[in-house]
Amino acid sequence: MEERVDEAMQVGKERPVEAEEELRALAIDGEAGDADAIKAKEQAIAAIVESLAERGDADGLRKLMHDLRPLYAKIAKAKTAKIVRQVIDAIAKVPGTKPLQVRLRRCDRTKRGRNVENREIDGSVEVCKEQAEWARSEKRTFLRQRIEARLVNLYLETKEFTAALELIQKLLTEVKRLDDKLLLVDIHLLESRIHHALRNLPKAKAALTAARTAANSIYVPPATQSSIDSQSGVLHAEEKDYKTAYSYFFEAFEQQSSLDDPRAILSLKYMLLSKIMCNQADDVANIISSKGGLKYQGVDVEAMQAVATSYTKRSLHEFEKSLKDYEAQLGEDPIIHNHLNSLYNTLLEQNLCRLIEPYSRVEIAHLAQRIELPEKQVEVKLSQMILDKVIDGTLDQGAGCLIIFDEIPPNSLYPEAIDTMKNMEGVVASLFRKSEKLAA
């Protein structure tokens with residue numbers, strides 16, 4: 001049987017459709033047989049999955065999942081789980097299939113008295129839902145839990161946060177009861193990412209701490225450890241602790257790079273972002289030219305380098321140009337987008353402070369012209385800076401001017417008087433204790 005599989009795979013290089021039919025017949029038809037026959041069937045299934053994924057045939061992969069179900073009853077549950085995850089992973093790689101994976105587990109939420117919105121969602125979600133229901137009916141608990149964990153991840157990517165939180169709470173209860181530590185780590189990491197996406201940082205940190213606690217008692221695969229480090233870096237960056245965030249992103253990048261994980265480029269971008277945010281943009285060029293950075297040269301790295309260059313020059317015009325030229329690389333990731341918005345505001349404040357410094361009274365229109373921004377935007381930013389006490393002044397909107405108050409030298413009279421009173425209090429207390437001793 002292995003020879004027939006090898007022959008079909010050779011034919012697949014020239015006639016993929018014919019080879020796929022032959023492999024499908026070998027994989028699905030007939031008895032499972034001995035260990036060698038099962039191994040040959042696995043090879044055939046892997047070849048079919050690879051062929052369909054290369055052609056981007058998500059419907060074909062979904063049909064394959066149905067066709068393989070009779071085979072699942074004849075082989076070990078561990079091998080079944082491996083095949084199911086392999087097909088779901090292949091579907092996820094097909095562009096535009098995220099909404100296909102969820103639909104099949106959306107069965108009858110009307111049981112809880114809620115009307116379900118009939119809408120198209122990504123293909124990967126559909127398949128996950130369908131396979132989770134099948135695993136539930138076949139009482140394959142461990143497989144169902146892993147598929148549902150994948151489903152939570154897809155809900156997160158499609159921004160269905162309510163559904164993700166509902167499902168993850170059920171999963172946490174089940175997995176804690178079964179004491180599956182590795183799966184528990186993955187679920188807590190997902191929970192942390194969901195709460196971070198909802199801007200609930202205390203709960204995101206609590207979930208990450210729970211993931212670390214569960215990971216301490218088991219061997220954690222490098223891919224999972226890199227996910228823990230990456231999420232730690234993200235949360236530290238949210239707290240403006242960019243030096244610590246950089247160290248976590250570096251650890252994640254090292255592990256992902258050694259595994260040839262495609263997430264390594266994202267960790268590298270976060271490393272560069274951390275350097276820029278902690279005012280060390282000059283180090284970006286050194287990181288990019290290092291051995292690890294050279295491996296990932298491309299448009300993503302160029303985008304971060306352009307941001308670093310514009311920040312070093314303190315040029316708002318170049319910064320905006322970088323954001324526009326590399327919109328796909330800088331704007332689609334919400335973490336990078338949020339931090340770059342904060343960086344833009346910081347850069348704008350620094351430029352305005354530099355322009356205002358020589359004046360005691362300056363027209364807003366003049367500042368807007370110098371900084372090449374709309375007058376209304378400059379006025380709003382100046383009012384924010386006054387409220388934040390970055391500028392000591394006021395806006396004269398009638399005249400369209402910013403009035404800067406003279407710096408009042410600090411009056412040291414009152415602090416010195418308070419210090420004198422404290423010293424006198426100490427002397428009096430000391431004299432009182434001595435008089436008590438003499439009286440005794």
Side-chain angles (χ1 to χ4, degrees), residues 1-94 97 100-101 104 123-124 126-151 153-154 180 182-183 186 221-224 259-262:
M1 188 170 181
E2 288 185 12
E3 293 176 358
R4 290 175 63 191
V5 171
D6 292 336
E7 289 175 4
M9 290 173 69
Q10 290 295 326
V11 172
K13 296 177 181 178
E14 298 177 358
R15 301 187 298 277
V17 177
E18 182 181 329
E20 187 182 313
E21 291 177 358
E22 176 66 20
L23 288 168
R24 190 181 288 269
L26 291 171
I28 298 171
D29 299 340
E31 295 296 323
D34 57 10
D36 291 337
I38 292 173
K39 184 179 178 181
K41 285 180 178 289
E42 284 186 60
Q43 291 176 347
I45 292 167
I48 296 169
V49 169
E50 184 179 352
S51 175
L52 290 170
E54 285 179 358
R55 298 207 308 268
D57 188 357
D59 290 332
L61 286 165
R62 182 180 170 189
K63 185 176 183 300
L64 179 65
M65 297 283 276
H66 287 278
D67 295 341
L68 289 174
R69 285 184 180 178
L71 177 66
Y72 295 155
K74 303 173 185 176
I75 62 176
K77 290 184 177 181
K79 291 190 182 295
T80 299
K82 178 184 175 183
I83 292 169
V84 170
R85 288 200 298 270
Q86 185 180 14
V87 178
I88 291 175
D89 288 343
I91 292 173
K93 292 176 183 176
V94 178
T97 58
L100 168 69
Q101 297 177 44
L104 300 175
S124 301
E126 267 188 28
V127 174
C128 281
K129 284 193 161 195
E130 184 177 276
Q131 293 307 312
E133 286 300 324
W134 171 80
R136 188 187 298 277
S137 65
E138 293 290 319
K139 293 182 171 56
R140 296 178 184 244
T141 304
F142 290 100
L143 175 59
R144 174 182 58 78
Q145 288 171 347
R146 279 157 179 77
I147 293 173
E148 288 185 337
R150 180 61 178 270
L151 179 59
N153 189 37
L154 290 165
D180 187 343
L182 188 56
L183 182 57
D186 291 335
T224 304
L259 296 170
D260 290 328
D261 192 322

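- Considering only residues two or more places apart in sequence or on other chains, A81 meets the side chain to side chain contact (heavy atoms under 4.5 Å, CB included) condition with R85, L143.
- Taking CG of L61 as the start and CD1 of I48 as the end, the distance is 10.0 Å to the nearest 0.5 Å.
- Heavy atoms only, all atoms of each residue included: A223 and L259 are closest at N-CD1, 3.7 Å.
- Annotation: salt bridge (Lys or Arg N to Asp or Glu O under 4.0 Å) contacts of R144 (sequence neighbours excluded): E148, E174.
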task: Show your working on salt bridge (Lys or Arg N to Asp or Glu O under 4.0 Å) between D57 and R62 and close with a plain yes or no.
output: CA-CA 9 Å; D57 188 357; R62 182 180 170 189; over 6 Å; no
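- Evaluation of the salt bridge (Lys or Arg N to Asp or Glu O under 4.0 Å) rule for K77 yields no partner, not counting sequence neighbours.
- Annotation for D180 and R146: closest pair OD2-NH2, 2.7 Å, computed over non-hydrogen atoms.
- Between atom OG1 of residue T80 and atom CD of residue E138 there is a gap of 9.5 Å, rounded to the nearest 0.5 Å.
- Once rounded to the nearest 0.5 Å, the distance linking CZ of R140 with CD of Q145 reads 14.5 Å.
- The heavy-atom pair separating L154 from C128 by the smallest distance is CD1-SG, 3.7 Å.
- Here the rule is side chain to side chain contact (heavy atoms under 4.5 Å, CB included) with Q131, and of L151, V87, I147 only I147 fits it.
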- request: Evaluate the side chain to side chain contact (heavy atoms under 4.5 Å, CB included) criterion for residues I75 and I83: first the C-alpha distance (whole Å), next the side-chain angles of each, then the deciding distance (0.1 Å), finally the verdict.
  value: CA-CA 11 Å; I75 62 176; I83 292 169; 3.9 Å; yes
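- Contacts classified as ring pair (Phe, Tyr, Trp, His ring centres under 6.0 Å) and involving residues 127-149 (residues at least two apart or in different chains) are given here: Y72-W134.
- Partners of K63 under the side-chain hydrogen bond (donor to acceptor under 3.5 Å, both in side chains) rule, at least two apart in sequence or in another chain, are D67.
- Shown here are the side-chain hydrogen bond (donor to acceptor under 3.5 Å, both in side chains) partners of T224, two or more places apart in sequence or in another chain: there are none.
- By the side-chain hydrogen bond (donor to acceptor under 3.5 Å, both in side chains) test, D186 is found to be paired with no residue, residues two or more places apart in sequence or in another chain being considered.
- With sequence neighbours excluded, the residues forming a salt bridge (Lys or Arg N to Asp or Glu O under 4.0 Å) with R69 are E130, listed by chain and number.
- How far CG of L71 is from NZ of K79: 11.0 Å, rounded to the nearest 0.5 Å.
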